[in-house]
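Just so we're on the same page: letters track the sequence lines, and every chain starts at 1. Quick note: numbers below take in every heavy atom, side chains included, and nothing from hydrogens, waters or symmetry partners.
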Amino acid sequence: MTDVPAIVPADWARLHAVTPVLAAGRAIGVLTIIGMAQAGQGGLQGARAVGAWLVFGGIGLVVVLVSVLAFVAWRMNEFRVDDDAVHQRKGILFRQYRQARLDRLQAVDVVQPLAARVFGFAELKVEVAGGRASGVRLQYLRLDDAEALRNEIVSLAAGIRRAPAAPPEGISESPVALDAPTVPVVATAGRSSIAAAPEREVYQVPPGRLIGSVLASWWTVIVVGGVLAGIVAIVIVGAVAVEDAAGDAVSANGGVGGFLAGPAYGVLSGVFAFFAVGWARFSAGFGFTAGISADGIRLQHGLLDTRRQTVPPGRVQAVRLRQPLPWRHFDWWRITINVAGYQDEQEAVSTLLPVGPRKDALYALWLVLPDLGDPDPAGTVSAALSGVGAQNGFTATPRRAWLVDPLQWRRRGVLATGRAFLIRQGLFARDVVVVPHEKTQSLSIRQGPLQRLLSLATVEVHSTHGSITPVAHHLDLADAIALLEAQSTRAREARARQTPEQWMATVQR
Amino acid sequence: MPWFEPTDVTWTYASRRLIAARLIVGAIPVLLFGGGLCAMALLIGAAPAVTISVCALLAAWCAWVVVRQVTAHGWVERQDDLMVKRGRIFRRVTVVPYGRMQYVEVAAGPVARSFGLARVQLHTASPGTDAHLAGVPAAEAARLRDRLTARGEARLAGL
């Protein structure tokens, strides 16, 4: 275990030695299953045995090859953390050098896939702004090391310089010896000098509510309806078959079975799809806990694969609160966010609240925007969540828009508070999109021929890559034009006073 | 209600040479397609005059659309942002603050280059920002790129 980074490495270090085992493990597992299937199917006697042994030999060779490759890949994969960036160099034939600049840091996640979690290992993902595949993935580290490294990276990105000596545990939250020159951290027992910033839990999602939210979906309606229809079909086919049998002594049992197989197969595949979708939601949202710390928003969730996300202050680009129709009775909301660093696996990384009552939804929004810039934030957000028309200062879509938008026009409306822009939409599934003014990238106004006849226009607020696309459809043209001008002024002013990228730097001085 | 037209700005319009460039690029598929149609019409003995006139009408309409599009495309550098407008039937105005520009890209295809034109593409951190200036004279494109980059650097804010 000499290669384990016992300290947070200022010099090149390798990942944990278990990496090749875990990396090759999956491939070997698949091959083993194939081998087993082969053994079960073909048997090992007679002339077939030679072929089977050949297959086994081949599989064995591939296993050895995969293991060797995984080992070499691990030897070639090194990383280093300095005051400005996380560096990584890897690759056997095609060498890759990556640096994730800490001043562009957007999020740091500690991910534990099931296999790694069983043995206490984790993967660290450092997400930075800068397009596809710009982040650094450190796979795998001991869980303690991964968390220590995360704390270190986050505090470096916050603008806290490394202290020359490790402050004692417990008072490490208070920044000590900040003007000290940059010295590599010396720490003991695999922990860095910087403990995790104290975290305050804001909300949790109990498993019961999560199961309820999965069940209260259109899928349930479809599956239950499908099952009922399938049962009815089976009964009818069965009854007809029985009548046939009564009439004709030579009953075609196979025929009846064939008739029954159709609907039964349909029912089963529907049920499987339902469980697959429901399971994905359930296992990703299981044990969801959100907290706030000096490092920003902390999210923790997952049943088999777990993920601990840290999103520093001011990194959330847009927020969407959504309520599918089946949830309306319970007043539940799902909240997703756009974060610039998160590129793939949007479903897994962009959830701020998988399901929660309005109270939790307001807390979640508060995590992102502690100050909405509105005298009555709760009332305004409530009006956004379930209101229609021009109440609470919303600029509503005019009535004539029903010609182009018969369903949603009544719900559509926009509101700019002191700090954020709210878009309200959706008739059956209610939708509210919130974009902080300082996160507005650019703006557009557009109009098609039908909108032109009705004197309507659509305003787009461009946010970073993610699952949220904020667009305010079918506003009155005069409102839209005024909005475009006002919003670009608001965005400019908000940019001038936005949180610095190094969010603790101003606190220190 | 008139369309969004700020009063205190003077738009720079795309070069008229862009019309010719676009017509040439657009003519290739039209000629191939129309030629094929006429050949088929001759082969099956249908009236080629009808086919030719239909093709000619289509081509004329496309050409007219190109002219209208190019003459509607313009931009203006304001104090804090760049405004780009385009389209007539589906019209759109995009406002890109200088502080949000991540980088500026200048590109030119072979036809555009022979007309001395280039395309200036602005990139922000958002994939939704559809702000490119087509039909910029090459020298002006280089100047524009430098100017926009300088302004962007002066005002660049964090994401």
[X] atom [atom1]: more than 12 heavy-atom contacts under 6.0 Å:
| X | atom1 | result |
| --- | --- | --- |
| B:Glu5 | CD | yes |
| B:Phe33 | CZ | no |
| B:Arg88 | CZ | yes |

Between B:Asp80, B:Thr124, B:Leu122, B:Val84, which residue shows the highest count of heavy-atom pairs closer than 4.5 Å to chain A?
->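 Ranked by contacts with chain A, first place is B:Asp80.
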Just verifying a value: how many Å separate [X] [atom1] and [Y] [atom2], rounded to the nearest 0.5 Å?
| X | Y | atom1 | atom2 | answer |
| --- | --- | --- | --- | --- |
| B:Gln102 | A:Gln441 | CD | CD | 7.0 Å |
| B:Arg100 | A:Ser442 | CZ | OG | 9.5 Å |
| B:Ile89 | A:Leu450 | CD1 | CG | 12.0 Å |
| A:Ile445 | B:Lys85 | CD1 | NZ | 13.0 Å |
| B:Tyr98 | A:Arg492 | OH | CZ | 11.0 Å |
| A:Lys439 | B:Ser126 | NZ | OG | 13.5 Å |

Under 4.5 Å from a heavy atom of chain A, the part of B:Arg86 involved | neither
Measure the shortest side-chain to side-chain distance between [X] and [Y] over non-hydrogen atoms and say whether it is less than 4.5 angstrom.
| X | Y | result |
| --- | --- | --- |
| A:Gln447 | B:Arg92 | no |
| A:His462 | B:Thr94 | yes |
| A:Glu485 | B:Phe4 | yes |
| B:Pro97 | A:Ser488 | no |

So what's closer than 4.5 Å to chain B heavy atoms on [X]: side chain, backbone, both or neither?
| X | answer |
| --- | --- |
| A:Gln451 | neither |
| A:Thr464 | both |
| A:Thr458 | neither |
| A:Arg104 | side chain |

Of the listed residues (A:Ser444, A:Ala480, A:Gly448, A:Ala491), which shares the most heavy-atom pairs with chain B below a 4.5 Å separation?
->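 Going by pairs under 4.5 Å, I would pick A:Ser444.
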